[in-house]
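For reference, the structure is listed below as structure tokens.
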2 protein chains.
Amino acid sequence: MIHLLRQHIQTRLGNDVSGLEDVLTTFKERHIKRGELVVRQGENCDHVYYIASGCLQVFVYDADVNETTRDIVIEDNWCADLISFGGSQPATENIKAVEPCILLAINRADFYHLMQTVPQFDKVYRQILEASYANSVYRINTFVSLSALDRIKWLMDYRPKLMSRLSSKLIASYLGISQETFSRLKAKI
Amino acid sequence: MIHLLRQHIQTRLGNDVSGLEDVLTTFKERHIKRGELVVRQGENCDHVYYIASGCLQVFVYDADVNETTRDIVIEDNWCADLISFGGSQPATENIKAVEPCILLAINRADFYHLMQTVPQFDKVYRQILEASYANSVYRINTFVSLSALDRIKWLMDYRPKLMSRLSSKLIASYLGISQETFSRLKAKI
DNA sequence: AAGGGGTGTTGACAAATGTCAACGTTTTAA
DNA sequence: TTAAAACGTTGACATTTGTCAACACCCCTT
């Protein structure tokens, strides 16, 4: 699965990335079953994951112990509790495989080693951060400016893959509405 | 006002930042009146701003042309449409001074020049990104997991300064609720 | 001092969304 | 393969939140 990561990086930084093979060999392949937790709230998130295949849910529990989904991340993207990873703090969120996943994982020590020894690697990290941030910005704007119905339409327009491949329950939680409301509003479109 | 920025950077990177004075002289001081727009949706955001004093509102318009507030940023923090700035794209958001502000601005060309010539400067940028991202994460989690009342309580606990110094109208828009609902729920606490 | 615009609060009502329950369907696990 | 569990939909009703209007208040400006 390393070839997917190689391609991911080359697409973004060009074909001439010095030290690329050193970077690639540092990642370990992990196979995760559907439903398995990759990061648990309260524990330290000391890896960053490249998703070679599958789909991860990033969530917290609300007052009634429902899972409320902050993000859904699919293959060819990065996922981690970056705040926990960067600050060596306990994770404030959980990360769960909602499909069987193949992840390429790098631990904190190796990560910082690469940051110092491979000049281009910090560009990789910056791009992960920028992409995660941009994603968050759009998401907040949907919450402050759109109704539930319009958030559904937004999701259909901008992340149509999610609608078809994930359970209604998960999508509803991602949109911040109940499963029943989601079912009813969907029928209206 | 440059001394505030110097202190901001030294607090985060230590007192021995090589090239720090080169960095500082690159910033231009801008005085902004209350109500003035710093960044306009559709135009390019080609500066990053350090807020020496005052307060900025980052917002978009909803379908009814109400301002819906994605973020509120106070002094000793950074503000920009980072997506527009980084990608040289039109800004998707507006930024407005909700108090008289003193900003320290750096334009894109100077910014990238510093990134290449001052080794530590990209750490500054990374910290801006990380802080912005962390802030977004918490904010999304309040929307997916909390009711309007609990979002108000969250704001009182985690950003109490905002409650006392900003108008109710602005806070309500930041919380994603109407002014009237905000007024009523406040009375319940 | 007087007028005007924005703000904050409150009431009455409407609209949106949540909760609980029921039921058929699909998926999972033994 | 079969039983159990989870899922998706729908109905009835409760709760939350929004909208519109009125009004008092404050801060401007003139």
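By convention in this document, chain letters (A, B, ...) are assigned in the order of the sequence lines, proteins followed by strands, and residues within each chain are numbered from 1.
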Quiz item: If an axis is fit to five pairs at each end of the helix from C:dA1-D:dT30 to C:dA30-D:dT1, what is the angle between the two, to the nearest 10°?
Solution: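 Taking five pairs per end, the axes differ by 60°.
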Quiz item: C:dT10 C1' sits how many Å from B:Lys186 NZ, rounded?
Solution: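 Value for this atom pair: 13 Å.
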Counting only pairs under 3.5 Å, give me each side-chain donor-acceptor contact of residues 76-88 of chain A, with atom names and distances, residues two or more places apart or in other chains.
| from | atom 1 | to | atom 2 | distance (Å) |
| --- | --- | --- | --- | --- |
| A:Asp76 | OD1 | A:His8 | ND1 | 2.9 |
| A:Asp76 | OD1 | A:Tyr50 | OH | 2.6 |
| A:Trp78 | NE1 | A:His8 | NE2 | 3.0 |
| A:Asp81 | OD1 | A:Ile83 | N | 3.2 |
| A:Asp81 | OD1 | A:Ser84 | N | 2.9 |
| A:Asp81 | OD2 | A:Thr92 | N | 3.2 |
| A:Ser84 | OG | A:Cys45 | N | 2.9 |
| A:Ser84 | OG | A:Gln89 | O | 2.5 |
| A:Ser88 | OG | A:Arg108 | NE | 3.4 |

Pairs under 3.5 angstrom, nitrogen or oxygen only, protein versus nucleotides 12-14 of chain D, please.
| from | atom 1 | to | atom 2 | distance (Å) |
| --- | --- | --- | --- | --- |
| D:dA12 | N6 | A:Arg184 | NH2 | 3.3 |

Quiz prompt | Qualifying residues under side chain to side chain contact (heavy atoms under 4.5 Å, CB included), relative to A:Asn135, sequence neighbours excluded | solution =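 Only A:Asp71, A:Arg159 meet the side chain to side chain contact (heavy atoms under 4.5 Å, CB included) criterion with A:Asn135.
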Quiz item: Which residues within residues 55-69 of chain B lie with some heavy atom under 4.0 Å of an atom in DNA chain C?
Solution: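 Result for residues 55-69 of chain B: none.
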Quiz item: Can you list, by residue number, the residues of residues 142-152 of chain B that have a non-hydrogen atom closer than 4.0 angstrom to DNA chain C?
Solution: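 Contacting residues: none.
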Extract from the structure each pairing of a protein N or O with an N or O of nucleotides 22-30 of chain D at less than 3.5 Å, listing the distance.
none

Quiz item: Near DNA chain D, under 4.0 Å by heavy atom, which residues of residues 167-178 of chain A?
Solution: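 Those residues whose heavy atoms fall under 4.0 Å from DNA chain D, taken from residues 167-178 of chain A in numerical order, are A:Ser167, A:Ser168, A:Lys169.
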Self-check item: Any pair counted as side-chain hydrogen bond (donor to acceptor under 3.5 Å, both in side chains), so long as it reaches residues 113-125 of chain B, sequence neighbours left out
Solution: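 Pairs touching residues 113-125 of chain B that pass the test: A:Glu130-B:Tyr125.
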Quiz item: Do any pairs count as a side-chain hydrogen bond (donor to acceptor under 3.5 Å, both in side chains) and have a residue in residues 15-28 of chain B, sequence neighbours left out, and if so which ones?
Solution: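 Non-adjacent pairs meeting side-chain hydrogen bond (donor to acceptor under 3.5 Å, both in side chains): B:Arg6-B:Glu21.
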Exercise. Sort and list the pairs that fulfil salt bridge (charged side-chain N to carboxylate O under 4.0 Å, His left out) and have at least one residue in residues 175-189 of chain A, not counting sequence neighbours.
Key: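 Non-adjacent pairs meeting salt bridge (charged side-chain N to carboxylate O under 4.0 Å, His left out): zero.
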Just the atom pairs and distances: protein N or O near nucleotides 24-30 of chain C's N or O, under 3.5 Å.
| from | atom 1 | to | atom 2 | distance (Å) |
| --- | --- | --- | --- | --- |
| C:dT28 | OP1 | A:Arg34 | NE | 3.4 |

